[in-house]
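So the structure is just underneath, and the comments pick up after that.
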Amino acid sequence: MAERYLYDYSSHRAVMYEVGDYLYALSGNKAEHWISGDYVFCINTQTISFWILGNDVYGHLGRGELTGQPLYYFGD
């Protein structure tokens, strides 16, 4: 299964990687988030963490509100 990396928009450094429907921290082997459609959920809290639009990933602030600018992006 191919990996895909998630990069920080500010530093352009990889911060997580995707395998299947899960996101892992670069330094770990335990999934921190899972992806379902356009939403990314936190494994621990079972709540929406991020929203994916194309290759851009926006933070979810709660009550349907998103960050104004993307926080991360997927690099292929």
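Keep in mind that what you see is a predicted model, and the values were worked out from it rather than measured.
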*Nearest-0.5 Å distance, OH of residue Y22 to CH2 of residue W34*: 8.5 Å
*Where is the tightest heavy-atom contact between F50 and V57, given as atom of each residue plus distance?*
CB-CG1, 3.5 Å
*Could you pull out all residues at least two apart from S11 that satisfy side-chain contact (heavy atoms from CB on, under 4.5 Å)?*
D8, R13
*Kindly write out the residues that satisfy side chain to side chain donor-acceptor pair (under 3.5 Å) with Y73, not counting sequence neighbours, or none if the list is empty.*
H12
*State, with a plain yes or no, whether a side-chain heavy atom of K30 is found less than 4.5 Å away from one of Y24.*
no
Going by atom type alone, with no hydrogens or angles, which donor-acceptor pairs under 3.5 Å involve a side-chain atom of residues 60-72 and a protein atom two or more places apart or on another chain?
from: H60; atom 1: ND1; to: G62; atom 2: N; distance (Å): 3.3
from: T67; atom 1: OG1; to: G59; atom 2: N; distance (Å): 3.1
from: T67; atom 1: OG1; to: Q69; atom 2: O; distance (Å): 2.9

Run the side-chain donor-acceptor check on residues 38-48: report pairs under 3.5 Å with partners two or more places apart or on a different chain.
from: T45; atom 1: OG1; to: T47; atom 2: N; distance (Å): 3.4
from: T45; atom 1: OG1; to: T47; atom 2: OG1; distance (Å): 2.7
from: Q46; atom 1: NE2; to: I43; atom 2: O; distance (Å): 2.6

*Atom CE in M16, atom CD in E32: separation rounded to 0.5 Å?*
7.0 Å
*Evaluate the side-chain proximity of L26 to V15: yes if any heavy-atom separation is below 4.5 Å, no if none is.*
no
_Rounded distance (nearest 0.5 Å) linking atom NE2 of H33 with atom CG of L6_ = 9.0 Å
*How many angstroms lie between CZ in F74 and CZ in R4, if you round to the nearest 0.5 Å?*
4.5 Å
_Between D56 and Y9, is the side chain to side chain contact (heavy atoms under 4.5 Å, CB included) condition met? List the steps._
CA-CA 9 Å; D56 293 334; Y9 247 105; 2.6 Å; yes
